[in-house]
Structures are given as structure tokens and as C-alpha cells.
Amino acid sequence: MHKAPRGTFDILPPEHAYWKYVEEKATSLCQLYGYQPLSTPIFEDAQLFTKTVAGGTDIVDKEMYIFEDKSGQELALRAELTAPVCRAYLEHGLFNLAQPVKLYYIGPAFRYERPQFGRYRQHHQFGFEALGEADPALDAEVIEMSRQFFYSLGLSRFSIQLNSIGCKLCRPGYLEVLRQHYSSYTDHLCPDCKARLVKNPLRLLDCKKTSCQKIAKTAPKIPDYLCPECQLHFQSVQKYLGAMSIPFQLNHRLVRGLDYYTRTVFEVEPREKRGQSTLGGGGRYDNLIESLGGKPTPAVGFAAGLERIILNLKNRKLDIPALPKPDAFIAYLEEEAKIEAMKIASELRKAGIAVIIATGDKSLRGQMRQANSLGSAYALILGEQEISNQNIILRDMRTGEQKPIPLAEIARMLKQGQK
RNA sequence: GUGAGCGUAGCCCAGUGGUUAAGGCGCCAGGUUGUGGCCCUGGAGAUCGUGGGUUCAAAUCCCACCGUUCACCCCA
């Protein structure tokens with residue numbers, strides 16, 4: 001027996017109620033803020049990720065699905081979607097449009113990791129990106145929009161963690177100071193942190209080990225080492241957030257996993273934490289487009305994991321609209337009525353009525369059971385008598401009331417019932 | 001990559017060495033020769049994750065593998 005590959009899963013119809021709900025909230029949010037949809041391929045040139053997300057991060061070093069196609073071209077299943085969006089922005093000359101260009105996406109991303117709570121090898125991201133504008137007001141708007149997204153879903157028990165990690169001018173200086181601070185404690189560091197010291201020093205700050213946290217507490221804080229421009233930008237973001245009454249927590253230990261971030265970084269953290277809990281995160285990436293061969297182009301964006309959102313919706317036991325049920329179920333007796341029923345079903349569907357017709361020549365009782373379990377609003381019953389009278393029985397499945405309706409009027413009656 | 005827990009019908013699960021592996025949900029049929037939901041009756045559905053071992057005897061004990069869940073790492 002075949003199974004879905006490790007870390008992947010099928011989304012069965014009942015589950016799709018959640019997915020539809022989240023996707024509809026996401027698209028209407030984007031409409032509200034002026035973001036337009038963009039779809040990019042599931043796989044890309046591997047270099048698109050290795051160059052941008054950058055070596056030193058686990059995503060590139062060990063988690064990418066990389067393969068050669070038959071021509072020897074090195075491809076990768078997309079590990080995230082910001083780089084593909086930037087690639088499309090450059091490829092199609094979107095920098096010629098009025099800036100910023102605001103785009104959103106919903107789709108799968110792939111990382112080869114050990115699956116666990118809220119973490120999968122194929123997961124789905126909803127994200128939006130504003131390209132071509134450096135204004136800190138846009139950072140604030142992206143954060144506000146992220147917050148509105150979760151509120152519109154009915155999720156409000158989260159905090160927004162905010163930090164600035166500087167730019168290519170000021171960050172190297174900070175990293176140097178940070179390394180110096182840690183180099184005097186190397187004997188007390190956990191093995192992971194020893195590796196981080198050389199590989200990814202920013203990550204030292206959020207190690208969970210208590211011994212390492214002691215050292216992190218006394219570590220120099222990045223906001224104290226920002227250059228004047230980054231400082232002003234960071235303050236402006238906070239000013240605009242304040243103006244919109246968006247609560248946030250400054251967290252100087254917040255860093256993001258991807259290497260391309262500059263200045264503003266933020267994460268949405270649920271109050272009730274469990275394992276992989278971050279609902280979403282984002283920030284500014286002013287160097288990414290240039291590193292892909294474009295002109296220096298500032299940009300800011302956000303991405304959320306749909307699986308984690310849905311886990312939270314279930315956890316909060318929020319009522320999610322059910323998937324639509326059929327308007328009518330057609331039951332029949334004997335072959336002559338079946339032929340007529342097929343004809344009626346076809347005509348009703350042309351009139352925009354969702355119809356399921358009984359199949360398999362079950363007893364009428366069996367057909368009615370099926371109508372019930374499908375949740376059909378009405379049952380239509382066709383037998384010899386009805387055919388000779390040119391009518392059909394319309395049964396309201398909720399009340400159990402039923403009466404014969406002339407065949408010519410049945411579509412109109414059901415249309416009324418739809419509303 | 002490291003560590004821990006768990007694998008019994010589609011789903012939830014009882015069963016810790018001894019007859020045909022129990023129950024609930026769901027599914028199918030009948031009770032109503034043309035009518036669903038409630039109720040009653042019956043039925044189908046399980047190589048007890050896979051392979052090996054211990055034993056007269058294994059779902060049950062041991063080993064390996066696979067899968068899965070959780071944690072670390074990392075991230076959405």
C-alpha cells in the first residue's frame with residue numbers, strides 16, 4: 001500500500017472547510033490592502049535559493065529538495081516564496097510599474113526536515129510582499145495587515161515581536177561585538193551555540209538552554225549598534241504602529257532564519273505556545289533583489305503557515321463555515337423514472353442548482369438515507385404516478401414536508417429554496 | 001542529524017502468553033412491497049505495521065526495519 005510521503009498529507013473534504021476559510025480571508029484581506037495575486041512555479045533554479053537564502057542556514061545546507069532534470073539543469077522545490085516573487089518581479093520588469101508593487105501568494109513550499117507538531121515537509125504559505133519602496137510606513141502597514149489577517153480569522157491571542165537587525169553597513173560591526181562578547185564564554189556554551197558562534201551568530205541570542213541564556217542576557221543589543229539611518233527607520237516604524245494603535249513587543253533577541261532580512265523583522269507568536277508555534281513572520285529585505293541581479297530595490301513582506309493557522313483555529317474551537325451541501329437529491333423508482341430523473345438532473349444543473357442523483361438502483365429507503373447523509377436540503381422523488389401526472393415530489397429534508405410540484409416549476413421552486 | 005513515546009477494521013479503541021481478536025462510530029441491508037434522521041435486527045470489514053527470534057502456544061516477550069507522534073536543531 002502506498003502512503004503519502006513522510007511529512008506530507010492529504011487534505012480530505014471535511015478538512016477543506018478550514019482551508020477554504022483561511023484562503024478566502026487571505027484573498028479578501030489582500031483585496032482590501034491593494035495586493036494582487038502572483039503564482040510562481042513549484043520548482044525553480046536551485047541557485048535562486050542557494051544565492052539568496054544563503055549558505056550557513058539550514059534551509060539551504062540540509063533542507064532543500066534539489067534534483068537534476070534530464071538536461072542536467074539543477075532545480076529545487078521552492079523552500080520559500082519571497083525569492084521566487086522577486087525573481088518574477090525582475091523577469092517581468094515589474095520595476096517599471098508604479099512602485100511599490102504589491103503582490104500576494106498562497107501555495108506549497110518544501111523543506112526536508114523531521115516532521116513534528118506544526119512542521120511538515122510540504123507546507124503551505126500565504127504571504128504578501130511590497131516591492132520597490134523603502135518607506136518605514138510600509139513596514140508598519142505590513143505589520144498592521146498581518147495583525148488584521150489573524151483578527152479576521154478570529155485569532156486574537158498572539159503578540160507581535162519586533163526588532164531591527166540593521167543593514168549591511170551596521171550589522172557587521174554588531175556581529176563583531178557579539179562575537180567578542182561570546183568568545184570569552186566559549187567553555188560555557190552548549191555544542192549548538194559553539195556552532196552558531198561561527199555559523200550564525202545572531203542565533204546565539206535565542207538559545208533555549210538556561211546556561212546560554214545567561215550569556216545572551218548580558219550580550220550587546222543590536223538596537224544599540226544600528227547606524228543612524230537604520231535607527232531612524234526603526235523609530236519611524238514604531239511611531240506609525242503607535243499611530244495605528246498596533247501593540248507590539250520590542251524583542252532585541254528576535255532574529256529571522258533567512259539571511260536576506262535587513263532592518264525590520266517581526267514575528268507573530270501565539271500566547272499558548274507549543275512546539276513550532278510561530279504563526280508567521282516577515283520583515284524588510286532591501287538587498288535581496290539586488291543580489292538577484294536587479295537594481296538596488298527595497299522591499300518588505302510577510303508570510304504565514306496555513307497548517308499552523310488551522311491548528312490554532314481548531315485549538316480555539318472556532319466555528320468554521322461548512323462546505324456547501326447539495327440543493328437537491330433525486331430519488332426514483334424503476335428504470336422509466338430513472339431515465340426521466342437523469343433528464344431532470346441535467347436541466348436543474350443548467351439552472352444552477354446543485355443536484356445529486358441516486359445511483360446503483362437502491363431501494364427508495366436506501367436512496368433517502370443517502371440524501372440524508374449528503375445533507376441535501378431537498379429530496380425529489382419520481383415514480384410512475386408522478387411521471388403520468390407530469391410532476392415530482394419535493395420533500396423538504398429539514399421539516400419533512402412534501403408535496404407534488406409540476407415538473408415545469410421545479411427549477412423555480414428550488415431556486416427560491418436556495419436563498 | 002539527535003533523543004523519547006506509540007503502531008489492533010475507514011475512524012476511536014478493549015485485549016500484556018492459551019478457544020472463532022471484543023466494543024463504539026461510520027458503511028451496507030432489513031424491520032416500512034413508494035420515503036431519510038430516532039429505535040431495533042442482521043451483515044460486510046483486521047495478513048493485530050513488516051521481517052526475524054523465544055515458546056508446546058505470541059496482538060501480548062525480545063531484536064531489527066518501516067511508519068507515526070513529540071522534543072532538540074531549524075523554521076511557517
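Each chain gets a letter, A, B and so on, in the order the sequences are listed, and its residues count up from 1. The basis for the numbers below is simple: all heavy atoms, side chains too, and nothing from hydrogens, waters or symmetry mates.
- Comparing B:A76 with B:G15, their C1' atoms are spaced 42 Å from each other, to the whole Å.
- Between A:Ser363 and B:G30, a side-chain N or O to OP1/OP2 separation shorter than 4.0 Å is present.
- Distance CD1 (A:Ile392) to P (B:U35): 17 Å, rounded to an integer number of Å.
- Closest to the A:Arg111 side chain, of the nucleotides B:C75, B:G36, B:G34, is B:C75.
- The base of B:U35 is paired with the side chain of A:Gln402 by a donor and an acceptor separated by under 3.5 Å.
- In terms of position along RNA chain B, the nucleotide closest to A:Cys207 lies nearer the 5' end than the nucleotide closest to the other residue of the pair A:Cys207 and A:Leu279.
- Put simply, the side chain of A:Gln385 and the base of B:G34 share a donor and an acceptor less than 3.5 Å apart.
- Distance check on atom P: B:G45 versus B:G10 gives 11 Å, rounded to whole Å.
- The NZ atom of A:Lys325 sits 20 Å away from the P atom of B:G36 (whole-angstrom rounding).
- Taking atom CD on A:Glu267 and atom C1' on B:C74, their separation rounds to 12 Å, with Å as the unit.
- A:Arg196 comes within 4.0 angstrom of sugar-phosphate atoms only, judged by non-hydrogen atoms across all strands, and of no base.
- Nearest to the side-chain atoms of A:Arg203 among the listed nucleotides B:G37, B:C75, B:A71 stands B:C75.
- Residue A:Arg369 places its side chain closer to B:G30 than to any other of B:G30, B:C27, B:C72.
- Between A:Phe9 and A:Trp19, the two ring planes are tilted [angle within 30° to 60°].
- In this structure, A:Asp45 contributes its side chain and A:Leu48 its backbone to no donor-acceptor pair below 3.5 Å.
- Closest of all the heavy-atom pairs between A:Gly132 and A:Tyr89 is CA-OH, 4.1 Å.
- For A:His123, counting side-chain heavy atoms from C-beta on, the closest listed nucleotide (B:A76, B:G37, B:G67) is B:A76.
- In this structure B:C6 sits in a base pair with B:G67, meeting the Watson-Crick or G-U test at under 3.5 Å.
- Whole-Å rounding puts the A:Leu197 CG to B:C73 P distance at 17 Å.
- In this structure, the CG atom of A:Leu364 is 12 Å from the P atom of B:G31, given to the nearest Å.
- A donor-acceptor contact under 3.5 Å is not formed by the side chain of A:Glu63 with the base of B:G1.
- The side chain of A:Gln125 sits closest to B:A76 out of B:G34, B:U69, B:A76.
- The side-chain heavy atoms of A:Tyr120 and A:Glu307, taken from C-beta on, include a pair separated by under 4.5 Å.
- In this structure, A:Gly400 reaches the bases: a heavy-atom distance under 4.0 Å links it to at least one base atom across the strands shown.
- Rounded to the nearest Å, the gap between the C1' atom of B:C12 and that of B:G26 is 11 Å.
- The base-pairing partner of B:U33, taking Watson-Crick or G-U wobble contacts with both distances under 3.5 Å, does not exist among the strands shown.
- To the nearest angstrom, P of B:U35 lies 10 Å from CZ of A:Arg395.
- Applying the 4.0 Å criterion to OP1 and OP2 of B:C66, one finds that A:Arg6 has every side-chain N and O outside that range.
- In this structure B:G23 sits in a base pair with B:C12, meeting the Watson-Crick or G-U test at under 3.5 Å.
- In summary, A:Arg412 and A:Glu409 engage in a salt bridge, as defined by a charged side-chain N under 4.0 Å from a carboxylate O.
- Look at the P atom in both B:G53 and B:U41: the space between them is 46 Å, to the nearest Å.
- Across the strands present, B:U47 finds no partner; the criterion is a Watson-Crick or G-U wobble pair with both atom distances under 3.5 angstrom.
- The interatomic distance linking A:Asp206 (CG) with B:C75 (P) rounds to 8 Å, in whole Å.
- For A:Glu113 against B:A76, a side-chain-to-base donor-acceptor contact under 3.5 Å is present.
- For the residue pair A:Gln161 / A:Gln249, a side-chain donor-acceptor distance below 3.5 Å is found, with atom types taken as modelled.
- If you check distances only, the side chain of A:Arg365 does reach the base of B:G31 with a donor-acceptor pair under 3.5 Å.
- A donor and an acceptor atom, one from each side chain of A:Glu129 and A:Tyr285, are located under 3.5 Å apart.
- The pairing partner recorded for B:C56 is B:G18, the criterion being a Watson-Crick or G-U wobble arrangement whose two distances lie under 3.5 angstrom.
- A:Glu386 comes within contact range of at least one nucleobase, with a heavy-atom separation under 4.0 Å.
- Taking the C1' atoms as reference points, B:G37 lies 23 Å from B:U33, given to the whole Å.
- Annotation: side chain of A:Ile356 is in contact with side chain of A:Leu374 (closest heavy-atom distance under 4.5 Å).
- Of the candidates B:U32, B:A76, B:C70, the closest approach to any side-chain atom of A:Gln116 belongs to B:C70.
- One can place OH of A:Tyr112 at 6 Å from P of B:G1, the figure rounded to the nearest angstrom.
- Comparing B:C74 with B:A58, their C1' atoms are spaced 42 Å from each other, to the whole Å.
- Residue-to-nucleotide contacts include a donor-acceptor pair under 3.5 Å from the side chain of A:Arg119 to the base of B:C74.
- For the C1' atoms, the distance from B:A14 to B:A22 is 6 Å, rounded to whole Å.
- Closest to the side chain of A:Glu307, from the set B:C73, B:A29, B:A76, is B:A76.
- Judged by distance alone, the side chains of A:Tyr104 and A:Gln31 never bring a donor and an acceptor atom under 3.5 Å apart.
- Taking the C1' atoms as reference points, B:A57 lies 6 Å from B:G18, given to the whole Å.
- When each of A:Lys209 and A:Arg114 is assigned the nucleotide of RNA chain B with its nearest heavy atom, A:Arg114 is the one assigned upstream, toward the 5' end.
- In a base pair of the Watson-Crick type (N1 to N3 plus N6-O4 or O6-N4) or a G-U wobble (N1-O2 and O6-N3), with each distance short of 3.5 Å, B:G1 is matched with B:C72.
- The base-pairing partner of B:G42, taking Watson-Crick or G-U wobble contacts with both distances under 3.5 Å, is B:C28.
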